[in-house]
Protein chains: 2
Amino acid sequence: MGIVERRLRQKDEVRSSILETAWQIVKEEGWQSLSIRKIADAIEYSVPVIYDHFANKEAILLEFGKQGFNLLAKKLQQAKDSTDDPGGQLKAIADAYWNFAFRNKEYYQLMFGLGIACCEQEKCLPELTPFRNLVMEPINKLITSNKNKQINSCLKYHTFWSVMHGLISIKMINNNTEVADELNKLVLDDAIDGFIKNLKG
Amino acid sequence: MGIVERRLRQKDEVRSSILETAWQIVKEEGWQSLSIRKIADAIEYSVPVIYDHFANKEAILLEFGKQGFNLLAKKLQQAKDSTDDPGGQLKAIADAYWNFAFRNKEYYQLMFGLGIACCEQEKCLPELTPFRNLVMEPINKLITSNKNKQINSCLKYHTFWSVMHGLISIKMINNNTEVADELNKLVLDDAIDGFIKNLKG
DNA sequence: TGTTTTACCTAACACCGTTAGCAAAGTTAA
DNA sequence: TTAACTTTGCTAACGGTGTTAGGTAAAACA
């Protein structure tokens with residue numbers, strides 16, 4: 001009897017509509033003004049229904065954080081697959097990371113915004129491992145083709161990531177004030193070029 | 001007649017005690033749990049009194065943001081004054097910036113935390129100009145002693161700052177998980193070394 | 001001493017996240 | 001078909017938030 005299945009399906013539909021609606025609110029008003037009551041209003045259910053699907057508000061934000069990490073991983077994979085040259089791969093990855101951040105500002109802020117749901121706990125860090133492996137491989141290749149093999153690749157991975165995040169954060173903070181958009185692209189290229197040059201020795 | 005002066009003095013004392021109390025709460029419970037009512041309770045005044053001194057809660061946070069920028073500027077100035085060698089100056093500045101961030105975590109998060117009072121508006125950016133000038137000078141010196149003088153120093157300043165911020169943010173997000181503390185220092189040195197090497201050409 | 005300004009408070013408004021408890025509907029078994 | 005049970009969804013509340021309107025009592029001034 002498919003009754004129980006239909007029920008599960010219906011429950012899943014409510015869950016989905018919660019996420020969809022929440023995401024729409026985040027996109028339109030920013031995640032700071034997302035509220036349980038707004039979601040409930042929009043999906044035309046009462047407030048407590050939402051708590052049948054999510055433990056609390058943070059769990060909803062966390063869901064988006066995970067979505068973001070998965071989407072990012074996909075984009076970075078595609079970037080890496082676009083070429084075989086390790087240096088080119090790093091450049092492509094950096095570019096894809098950059099584009100992801102600004103084409104999905106809401107995701108990025110949710111994923112890395114200080115003080116918010118995701119990434120403060122260790123829980124959600126597993127989603128980062130694909131990223132790590134992705135970046136680590138070309139770095140390792142560049143190092144092995146280098147004279148000075150004493151370089152710590154884990155350290156280099158960390159540097160790469162931090163540099164990326166820094167460039168993006170500062171641009172997001174400055175928003176459209178002060179620094180022109182083309183300049184920001186130059187800053188990215190500059191930093192990544194320097195990083196790769198440094199890797200090659 | 002000093003009556004009006006005494007009054008102003010008393011009013012200033014209340015203002016100061018608001019800021020002191022607020023800062024204590026921020027240090028003890030984090031800025032996310034700072035509330036007007038908590039401040040009012042602690043200073044033993046009613047809630048609306050606080051609005052005689054600050055337009056709203058954000059204005060209080062903004063005040064701390066400004067304090068933070070001024071303190072940072074002082075620390076960086078000291079760092080720069082510690083040596084005459086431009087490369088050494090950049091290193092010292094980077095070190096001081098790093099230390100400031102982690103010794104004054106609350107300040108740093110208030111200054112750069114996405115979605116919070118400071119630095120989303122253009123208003124508070126003036127406080128950043130000392131930092132800019134400070135970093136720009138040694139960068140310019142390094143460039144002029146370089147063969148390839150086509151390098152844009154404004155771009156380099158921006159890169160320097162972004163890299164710094166990225167390293168710090170990622171460490172703050174990861175907190176004490178995953179990456180050891182000594183490694184983080186290495187990452188900083190690595191990135192800044194690479195940056196300076198790149199500058200020298 | 002009466003008038004005006006200032007300081008301060010109570011009480012409210014409109015939100016927020018979260019939960020207890022109840023009513024209605026749907027499902028199952030006798 | 002009826003009775004028992006489970007699920008679903010609601011109302012209403014609790015305790016919290018930022019913010020403000022309006023009134024009172026004290027202080028300063030004429």
Side-chain angles (χ1 to χ4, degrees), chain A residues 1-19 21-26 28-65 110 115-118 120-121, chain B residues 1-19 21-23 25-26 28-65 110 113 115-118 120-121:
Chain A
M1 39 188 85
I3 290 175
V4 60
E5 287 150 13
R6 190 215 58 209
R7 274 202 174 168
L8 285 178
R9 207 166 51 236
Q10 284 178 339
K11 188 149 192 172
D12 245 46
E13 272 168 28
V14 173
R15 193 191 133 95
S16 295
S17 80
I18 289 174
L19 286 175
T21 305
W23 187 240
Q24 203 172 336
I25 295 172
V26 168
E28 281 168 9
E29 310 175 34
W31 51 258
Q32 22 239 337
S33 82
L34 178 70
S35 86
I36 300 286
R37 280 177 169 84
K38 272 186 198 166
I39 300 173
D41 258 28
I43 65 172
E44 293 175 308
Y45 276 94
S46 72
V47 168
V49 169
I50 291 171
Y51 289 88
D52 292 339
H53 299 271
F54 298 92
N56 49 32
K57 189 184 171 183
E58 198 160 322
I60 299 176
L61 273 324
L62 206 111
E63 193 68 27
F64 292 135
L110 232 44
I116 301 307
C118 213
E120 282 211 312
Q121 327 294 344
Chain B
M1 41 187 88
I3 289 174
V4 61
E5 288 151 13
R6 190 214 59 210
R7 273 204 175 165
L8 284 179
R9 207 168 48 237
Q10 284 178 339
K11 189 147 190 171
D12 245 46
E13 272 168 29
V14 173
R15 196 191 130 96
S16 295
S17 80
I18 289 174
L19 286 176
T21 305
W23 188 240
I25 295 172
V26 168
E28 282 169 11
E29 312 174 35
W31 51 258
Q32 21 240 339
S33 82
L34 178 70
S35 87
I36 300 287
R37 279 178 171 84
K38 272 185 199 168
I39 300 173
D41 257 27
I43 65 171
E44 292 176 307
Y45 275 94
S46 72
V47 168
V49 169
I50 291 172
Y51 288 89
D52 291 340
H53 300 271
F54 298 94
N56 49 34
K57 188 185 171 183
E58 197 160 323
I60 299 177
L61 274 325
L62 206 111
E63 194 68 25
F64 291 135
L110 231 44
I116 303 305
C118 213
E120 281 212 311
Q121 327 294 344

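Labels below follow one simple rule: chain letters A, B, ... track the order of the sequence lines, proteins then strands, and each chain is numbered from 1.
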For atom NZ of B:Lys57 and atom P of D:dT20, their distance in whole Å: 15 Å
Heavy-atom side-chain proximity of B:Leu61 to B:Leu34 below 4.5 angstrom: yes
Closest non-hydrogen atom pair, B:Arg37 against B:Val47: CG-CG2, 3.7 Å
B:Lys38 NZ to D:dG15 P, straight-line distance once rounded to whole Å: 16 Å
Within-4.5 Å side-chain heavy-atom neighbours: A:Trp23 and A:Ile18: no
Length of the CD1-C1' vector between A:Ile43 and D:dC10, whole Å: 13 Å
Atom-pair distance (CD1 on B:Ile50; P on C:dC8), nearest Å: 12 Å
A:Gln10 CD - D:dT6 P separation (whole Å): 20 Å
Among C:dT18, C:dC16, D:dA28, the nucleotide that comes nearest once only the side chain of A:Val47 is considered: C:dT18
Nucleotide D:dA21, atom C1' - distance to CG of B:Asp52 in whole Å: 13 Å
Given D:dT19, C:dG17, C:dT10, the nucleotide with the shortest approach to the side chain of B:Ile36: D:dT19
Position toward the 5' end of DNA chain D (nearest nucleotide), B:Ser33 or A:Lys11: A:Lys11
Any N/O donor-acceptor pair, B:Arg37 side-chain to D:dG16 base, under 3.5 Å: no
Sugar-phosphate only, base, or nothing, as touched by A:Ser35 at under 4.0 Å among non-hydrogen atoms: sugar-phosphate
Proximal nucleotide (of D:dC10, C:dT10, C:dT27) relative to the A:Arg7 side chain: C:dT27
Rounded distance in Å - CG (B:Leu61) to P (D:dG18): 10 Å
Nearest-nucleotide pick for B:Asn56, side chain only, options being C:dC9, D:dT19, C:dT18: D:dT19
Verdict with reasoning, B:Glu63 to B:Arg15, per salt bridge (Lys or Arg N to Asp or Glu O under 4.0 Å): CA-CA 12 Å; B:Glu63 194 68 25; B:Arg15 196 191 130 96; 3.4 Å; yes
Side-chain N or O of B:Arg6 closer than 4.0 Å to phosphate OP1/OP2 of D:dA28: yes
Any A:Tyr51 side-chain heavy atom under 4.5 Å of A:Ile36 side chain: yes
B:Tyr51 side-chain proximity, nearest of C:dT27, C:dC9, D:dG18: D:dG18
Phosphate-side-chain proximity, B:Tyr45 and C:dC8, N/O vs OP1/OP2 below 4.0 Å: yes
Touch class at under 4.0 angstrom, heavy-atom based, for A:Leu34 against every strand present: sugar-phosphate
Spacing between B:Asp41 atom CG and D:dG16 atom P, to the nearest angstrom: 11 Å
